[in-house]
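Before any comments, here is the structure.
This is a predicted model, so every value here is computed, not measured.
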Amino acid sequence: MTGAPWPVRTGPDAVAEQGRVCALAVRGVRDLQSVTAAHPELFDAAPFDAALLSSVATAIAFTAPWHTAAELRITTRTLLWVFAADWQVDYLARSADDVRQVVTDCLAVADGAAPQPGRHLARLLADLRDALAEVPAFARYRPIWREELARMLAAVSREWDWKNLPTDPSTGRRLPDLDRYLDNADNLACSFVNVTHWIATGDDKTLAQLTDLLDAGRGVQRVLRLVNDLATHGRDDEWGDLNALQLVTAPEQVHARLTELTSRSRGDLAALAERCPRQADYLHRQISFTGGFYQLSDFWGARDE
């Protein structure tokens, strides 16, 4: 859908609007509960609790509140799938072969194959693919959806290598510098969720701008990568995750890069708003929601509560 950006209200109207968005999130949570019930092997780890489902549904509801719960179903389920994929690669994979198997399974599903028995992540992806196949635009834009999936899987695989493979003797380093790390921000999978959302909900005008939307969204994705890292570095250290703060000599370098990338993204979105005001607003709201959310909590678990 296109049109004017979501209106900002104050006073009782603002509270009523927020109440509606929260109700939209509640509908999303109930749908995600049905997903986890249908895929128990995929979501049996403790972090996939009610709070995570609520966080996923709330994030989508607040970034695209002009939609109905039915219109947001595929987007919300895709974001949950991203968390499942992250868990499979970051915490369950024990070797590079395990990671390659995840990638192979998922790309085969994207290409139309049925998931192999016991491949629970691929099975859920097949459900998403089949739901998208009911959207008329998917036939035309499926190659772009598949490309974004491949970019995400390549990025998570690359990060697994950075964390787990031995130091390169020719360079004396294993971890990337901050620039290379940000070039790998597709591991956050925002772009994959975005393309799914736009194919599932977009009208012809939105889809005609899909390349520009993805370009702008990739800039936002870098912003969100650093917002996430600054908020979760304690858990990342505990869990053995890679974090931007590990790649610099002082935290101020990450804060400065975040300021620079945010300013650039805001400028890009202002230009985009002249052609796609609602989708520019959607991307603006990703930045704003994420910044507010990580002040108090974390998708994988609350901090200091």
Side-chain angles (χ1 to χ4, degrees), residues 21 25 47 51-52 54-65 75-76 78-80 82-83 85-86 90 151-152 155-156 159 162-163 175-194 197 213-239 241-270 272 279-305:
V21 177
L52 186 139
S54 177
S55 299
V56 167
T58 300
I60 298 301
F62 270 90
T63 51
T75 309
T76 307
T78 299
L79 182 55
L80 180 64
V82 165
F83 278 93
D86 184 63
D90 277 358
R151 289 179 66 118
M152 172 218 158
V156 298
E159 180 166 318
W162 285 337
K163 292 190 300 182
L175 298 180
D177 60 19
L178 184 58
D179 287 338
R180 236 182 120 206
Y181 177 73
L182 287 170
D183 286 343
N184 201 54
D186 282 311
N187 71 325
L188 201 62
C190 290
S191 191
F192 176 60
V193 173
N194 288 344
H197 173 71
L213 290 172
L214 286 170
D215 286 345
R218 225 174 290 283
V220 171
Q221 184 173 243
R222 291 185 177 91
V223 172
L224 302 187
R225 175 74 277 169
L226 293 185
V227 171
N228 175 289
D229 284 6
L230 287 168
T232 64
H233 60 90
R235 177 178 57 75
D236 288 340
D237 287 342
E238 180 182 349
W239 287 17
D241 273 350
L242 191 59
N243 187 291
L245 291 173
Q246 301 165 4
L247 311 176
V248 297
T249 57
E252 290 77 15
Q253 294 171 265
V254 177
H255 285 282
R257 183 63 64 87
L258 174 58
T259 299
E260 172 197 338
L261 292 175
T262 302
S263 177
R264 186 185 306 168
S265 281
R266 294 292 192 191
D268 291 342
L269 295 180
L272 181 67
Q279 305 311 331
D281 191 31
Y282 165 82
L283 293 171
H284 269 297
R285 293 173 73 93
Q286 284 186 347
I287 296 175
S288 298
F289 176 86
T290 303
F293 180 84
Y294 277 117
Q295 290 180 32
L296 297 176
S297 194
D298 174 5
F299 283 93
W300 284 121
R303 299 180 296 117
D304 302 322
E305 290 187 1

Please round to the nearest 0.5 Å and tell me the distance separating atom [atom1] of [X] and atom [atom2] of [Y].
X: Leu242; Y: Asp90; atom1: CG; atom2: CG; value: 9.5 Å
X: Tyr294; Y: Thr232; atom1: OH; atom2: OG1; value: 6.0 Å
X: Asp236; Y: Leu245; atom1: CG; atom2: CG; value: 9.0 Å

* Asked: With sequence neighbours left out, what residues match Tyr181 under ring pair (Phe, Tyr, Trp, His ring centres under 6.0 Å)?
  ->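 Applying ring pair (Phe, Tyr, Trp, His ring centres under 6.0 Å) to Tyr181 gives none.
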* Asked: Sequence neighbours excluded, which residues qualify as ring pair (Phe, Tyr, Trp, His ring centres under 6.0 Å) partners of Phe289?
  ->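 Listed in chain order: Phe62, Phe293.
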For [X] against [Y], the heavy-atom pair lying closest together:
X: Leu188; Y: Gln221; result: CD2-O, 3.8 Å
X: Thr63; Y: Pro65; result: C-CD, 3.5 Å
X: Arg218; Y: Ser191; result: NH1-OG, 3.4 Å

* **Asn184 side-chain N/O to Ala155 backbone N/O, donor-acceptor pair under 3.5 Å** =>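 The answer is yes, because a donor-acceptor pair under 3.5 Å joins these two groups.
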* Asked: With no hydrogens and no angle check, is any side-chain donor or acceptor of Gln253 less than 3.5 Å from a backbone partner on Ala250?
  ->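 The answer is yes, because a donor-acceptor pair under 3.5 Å joins these two groups.
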Partner residues of [X] under the salt bridge (Lys or Arg N to Asp or Glu O under 4.0 Å) criterion, sequence neighbours left out:
X: Arg151; value: Asp186
X: Asp229; value: Arg225
X: Asp241; value: Lys163, Arg235
X: Arg264; value: Glu260

* Check against side chain to side chain contact (heavy atoms under 4.5 Å, CB included), Leu269 and Val220 -> CA-CA 9 Å; Leu269 295 180; Val220 171; 4.1 Å; yes
* To do: Apply side chain to side chain contact (heavy atoms under 4.5 Å, CB included) to Thr259 and list each qualifying residue two or more places apart in sequence or on a separate chain.
  => none
* For Ala85, all residues meeting side chain to side chain contact (heavy atoms under 4.5 Å, CB included), sequence neighbours excluded ->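 Ala85 satisfies side chain to side chain contact (heavy atoms under 4.5 Å, CB included) with Trp81, Leu121, Met152 once adjacent residues are dropped.
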Using the side chain to side chain donor-acceptor pair (under 3.5 Å) criterion, which residues pair with [X]? Sequence neighbours excluded.
X: Thr78; result: none
X: Asp237; result: Gln246
X: Arg257; result: Asp179
X: His284; result: Arg266

* Check the pair Leu182 / Leu226 against side chain to side chain contact (heavy atoms under 4.5 Å, CB included), numbers first and verdict last. => CA-CA 8 Å; Leu182 287 170; Leu226 293 185; 3.8 Å; yes
* Would you please classify the geometry between the Phe299 ring and the Phe83 ring as parallel, tilted or perpendicular, with 30° and 60° separating the classes? =>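 Ring orientation of Phe83 relative to Phe299: tilted.
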Do [X] and [Y] have side-chain heavy atoms sitting under 4.5 Å apart?
X: Arg222; Y: Ser265; value: no
X: Thr76; Y: Leu80; value: no
X: Phe192; Y: His197; value: no
X: Leu247; Y: Val254; value: no

* **Trace of the side chain to side chain contact (heavy atoms under 4.5 Å, CB included) decision for Ile60 with Leu79** => CA-CA 8 Å; Ile60 298 301; Leu79 182 55; 3.9 Å; yes
* Would Asn194 and Leu213 count as a side chain to side chain contact (heavy atoms under 4.5 Å, CB included) if you check the C-alpha gap in whole Å, the side-chain angles of each, and the deciding distance to 0.1 Å? -> CA-CA 9 Å; Asn194 288 344; Leu213 290 172; over 6 Å; no
* Are a donor atom and an acceptor atom from the side chains of Gln286 and Thr290 found within less than 3.5 Å of each other? -> no
